[in-house]
Amino acid sequence: MLVPDSLRPRALHLARLLGRPGFHLFLTGLLMVLGFAFAHALSERSGREQLSALSTERLELYASNLAAELGRHAYLPSLLAIDPTLQALVAAPQDAERRRVASQMLARINVRAGTHQIFVTDAQGQVLSASEVLAPPPRLVEALAQERSQFFAADDTTGSTDFYMLHPLRQAGRALGAIVVRFNLAPLEATWVDMGMRSQRERILVADDQDVVIMSSVQAWRYAVLDRAEPSRRAALQASARYPQAIGPDLDLPATLQAHEGTPVSLPGAPNLLAQQRQILPLGLRLVALSDLGEVRRQAQLAAWGGAAGGASIGLLILYLSSRRRALRQLTQAQAELRQAHAQLEQLVDSRTAELRQTNDALMAQIAQRLQTEGELLQASKLAVLGQMSAGLSHEVNQPLTALRALARNSIRLLESGRQDAVATNLQLMDDMVERMSQITRQLKSFARKADEQVAGSASLLDSVRAALLLLEHRSRALGLDVAVDVPPGLRVQAEANRLEQVLVNLFGNAIDAMQGESQRRLLIKTESLDDGRRVRVRVQDSGPGVADADLARLFEPFFTTKPAGEGLGLGLVISAKIVHEFGGTLRAERLEQGMSFEFDLAVDTWDATGDSRDV
Ligand code: ADP
């Protein structure tokens with residue numbers, strides 16, 4: 001929908017308002033109130049209209065009932081007026097025989113016609129003859145004087161209102177008396193009460209020309225004066241012979257009801273009534289029907305609650321539709337956000353994967369480089385050991401060489417002087433020295449051999465220890481080292497002898513270095529059976545100063561050394577640990593109370609208690 005720019009803020013404000021739950025509650029409340037009021041008004045109006053139509057119908061019925069009841073015998077007085085018997089009676093009113101004959105006739109006619117009483121009076125209202133013995137109503141004299149043809153009069157004895165019809169008995173144009181027919185309206189009244197009870201609690205009243213209720217379906221309203229009667233009028237009514245002495249209380253029903261028709265009125269004992277009236281002009285009567293509006297009100301209230309429920313339903317429907325719309329909108333938005341987040345995530349995963357791949361490649365390159373460097377370092381370390389060893393060897397070899405030269409020269413001189421026996425002793429000494437030197441070179445050869453040239457096999461642990469000690473003998477002897485070897489002679493371990501010796505030389509060399517400044521220099525090499533003799537632990541303990549706490553964890557770091565430059569590369573322990581690892585064991589360092597202990601475990605090849613040690 002296109003909204004002009006100037007109205008857009010208002011439209012937005014409205015849309016925001018419509019979206020609020022509070023507004024919907026307000027709207028639902030408003031719709032409930034409107035529904036209530038509308039349904040109430042509508043139902044009350046239509047109910048009242050229905051009631052009014054029904055009441056009008058009934059009013060017609062009552063009126064025609066009354067008119068029919070009264071008109072049924074309208075002909076009777078005039079018919080009787082021409083009867084010769086009655087004519088004869090008024091001609092001679094004192095004739096007892098004529099009275100008797102007339103009375104008999106009137107009684108017969110009364111029974112046949114179904115009237116209440118029929119009687120003949122003289123011009124002054126004296127009863128001459130009657131269908132039965134009776135007292136004429138007080139109003140009769142007045143009616144005769146006024147030459148009325150009909151009147152209503154109350155009967156004090158029965159309490160009912162009776163209708164009287166008159167017709168003059170004339171002879172030669174002079175009224176000598178009158179025929180009077182009396183109807184009792186009590187049965188009609190009873191019918192009204194009955195009908196009123198059955199139809200919407202309707203009440204009926206009939207008021208005469210003086211606005212006094214002469215008939216009513218409500219007993220208490222009988223002889224009440226409609227509207228408010230002035231005290232003087234009330235007194236006049238009281239004094240008139242028309243009604244019983246007691247005139248009832250005022251009924252607050254406007255005498256000019258025509259103008260108020262359809263408006264509710266309240267009467268004693270009946271608060272809410274719809275009043276409608278109809279004039280019965282020939283009789284000078286007013287028929288008023290009062291229908292109870294209570295039922296209409298109740299129906300209107302029910303309809304109102306129905307309307308309120310309808311309003312609430314519409315409000316709730318609007319709330320449901322708008323929240324459904326909002327939920328759908330939120331769902332679509334959430335789906336879009338989810339899609340976006342998904343796309344972002346995929347992008348992130350892609351970029352992370354690429355980064356990881358890069359990092360992985362870099363790591364692979366580093367590892368390859370490390371491996372290469374490690375190989376190079378291993379070689380460098382071997383060279384460093386060889387350097388150390390060659391220094392020792394030159395010392396070891398120089399000494400016997402000098403001795404050999406001296407012995408050789410001495411032997412030449414001894415030969416010249418013919419001392420054969422002394423020459424032989426010299427030669428024996430020289431042979432020992434050569435043997436010692438060849439031992440050293442043999443060790444050197446085996447140490448220098450490349451590891452992968454030899455097949456991993458078994459080695460005598462004691463032989464390896466001795467060989468390593470021999471390689472360092474020049475240093476240990478110079479220090480006056482106290483070496484204790486506690487290794488079973490027949491123990492062979494699964495290791496390459498050459499590399500095992502390299503490990504031991506490293507450990508012994510470090511121990512000798514550490515103990516250089518100590519007064520007590522003790523090196524202990526011992527073994528311990530593990531795993532039911534399947535494995536063995538080798539311990540190398542020294543009495544040196546040990547390692548500082550901070551350094552202990554760094555011992556196996558490559559290039560960690562505490563030795564001055566040129567003396568230590570910081571690779572000995574790293575390489576040793578690597579070799580032990582290759583043999584399937586682990587090299588560990590532990591601080592002792594005095595000194596250090598390096599230990600590693602190896603798989604036992606054979607453990608021969610009888611001993612099988614090579615001579616070193
Ligand atoms: P390097 O001997 O070339 O320094 P190593 O890896 O063999 O390299 O030893 C590293 C360090 O460990 C040595 O510098 C030394 O400080 C310490 N260390 C090794 N063995 C002992 C020991 N038995 N007593 C005290 N310190 C030792």
Side-chain angles (χ1 to χ4, degrees), residues 370 373-392 447 451 464-465 467-469 471-487 498-528 537-583 585-601:
R370 280 267 167 91
T373 316
E374 219 168 75
E376 285 166 6
L377 283 174
L378 188 67
Q379 212 51 36
S381 158
K382 270 184 181 177
L383 288 175
V385 173
L386 277 174
Q388 269 190 336
M389 282 194 314
S390 60
F447 189 76
S464 298
V465 170
L469 284 172
L471 283 173
L472 296 169
E473 200 184 353
H474 63 288
R475 293 184 63 200
S476 50
R477 203 181 305 138
L479 272 180
L481 191 68
D482 174 10
V483 182
V485 180
D486 180 11
V487 177
N498 187 15
R499 282 151 76 73
L500 180 59
E501 280 164 25
Q502 191 178 344
V503 172
L504 292 169
V505 165
N506 263 328
L507 298 180
F508 297 164
N510 278 342
I512 292 168
D513 287 344
M515 289 186 289
Q516 227 144 22
E518 301 294 311
S519 54
Q520 198 195 10
R521 299 160 183 137
R522 192 179 149 73
L523 182 67
L524 170 64
I525 301 113
K526 61 177 184 176
T527 57
E528 204 173 287
R537 178 176 292 143
V538 184
R539 276 184 203 275
V540 178
Q541 296 182 351
D542 63 60
S543 57
V547 179
D549 275 347
D551 295 342
L552 194 61
R554 304 187 56 203
L555 287 184
F556 295 97
E557 277 179 21
F559 303 109
F560 172 74
T561 180
T562 56
K563 292 171 192 170
E567 281 182 36
L569 269 176
L571 286 173
L573 286 177
V574 182
I575 291 166
S576 300
K578 188 171 180 286
I579 293 169
V580 169
H581 184 71
E582 278 169 13
F583 292 157
T586 312
L587 177 62
R588 287 189 208 87
E590 194 189 334
R591 240 169 25 156
L592 301 175
E593 233 171 76
Q594 172 68 49
M596 285 294 291
S597 167
F598 286 86
E599 54 183 56
F600 57 95
D601 55 311

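Just so we're clear, the structure is a prediction, and the values are computed from it rather than from any experiment. All ligand and atom numbering here is 1-based and tracks the order in the structure.
Here is the list of ligand 1 atoms found below 4.0 Å of a heavy atom in G572: 5 (P), 6 (O), 7 (O), 8 (O). Interface of V547 with ligand 1, defined as ligand atoms under 4.0 Å from a residue heavy atom, comprises 25 (C), 26 (N). Atoms of ligand 1 lying under 4.0 Å from any heavy atom of F560, numbered from 1 in the order shown and given with element: 10 (C), 11 (C). Close approach to T562 involves these atoms of ligand 1, each under 4.0 Å from a residue heavy atom: 13 (C), 14 (O), 15 (C), 16 (O). Taking every non-hydrogen atom of G546 and a distance limit under 4.0 Å, the qualifying atoms of ligand 1 come out as 25 (C). Near A514, the atoms of ligand 1 lying under 4.0 angstrom from a non-hydrogen atom of the residue are 22 (C), 24 (N), 25 (C). The contact set between ligand 1 and T561, taken as ligand atoms under 4.0 Å from a residue heavy atom, comprises 1 (P), 4 (O), 14 (O).
We find the CD-CG distance between E501 and L469 to be 10.5 Å, quoted to the nearest 0.5 Å.
For D513, no nitrogen or oxygen atom sits less than 3.5 Å from a nitrogen or oxygen atom of ligand 1, counting backbone and side chain alike. The N/O atoms of L573, backbone and side chain alike, include one that comes under 3.5 Å of an N/O atom in ligand 1.
Scored by the side-chain contact (heavy atoms from CB on, under 4.5 Å) test, K526 finds D486, L524, R539, Q541 as partners (sequence neighbours excluded). Scored by the side-chain contact (heavy atoms from CB on, under 4.5 Å) test, A514 finds P545 as partners (sequence neighbours excluded).
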Worked check of salt bridge (charged side-chain N to carboxylate O under 4.0 Å, His left out) between R554 and E557
CA-CA 5 Å; R554 304 187 56 203; E557 277 179 21; 3.2 Å; yes

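Comparing D551, L507, I575, L555 against atom 17 (C) of ligand 1, the shortest heavy-atom distance belongs to L555.
When all heavy atoms of F508 and V465 are compared, the pair lying nearest together is CE1-O, 3.9 Å. Shown here for V505 and L471, the closest heavy-atom pair between the two residues is CG2-CD1, 3.8 Å.
Of the possible polar contacts, one joining the Q594 side chain to the S543 backbone as a donor-acceptor pair under 3.5 Å is found. A donor-acceptor contact shorter than 3.5 Å is absent between the side chain of R475 and the backbone of I512.
Residue contacts with ligand 1 do not include N506, since none of its heavy atoms lies under 4.0 Å from the ligand. Heavy-atom distances between F556 and ligand 1 stay at or above 4.0 Å for every pair. Ligand 1 has no atom lying under 4.0 Å from any heavy atom of G544.
Side-chain contact check for L573 versus N506: every heavy-atom pair is 4.5 Å or farther apart.
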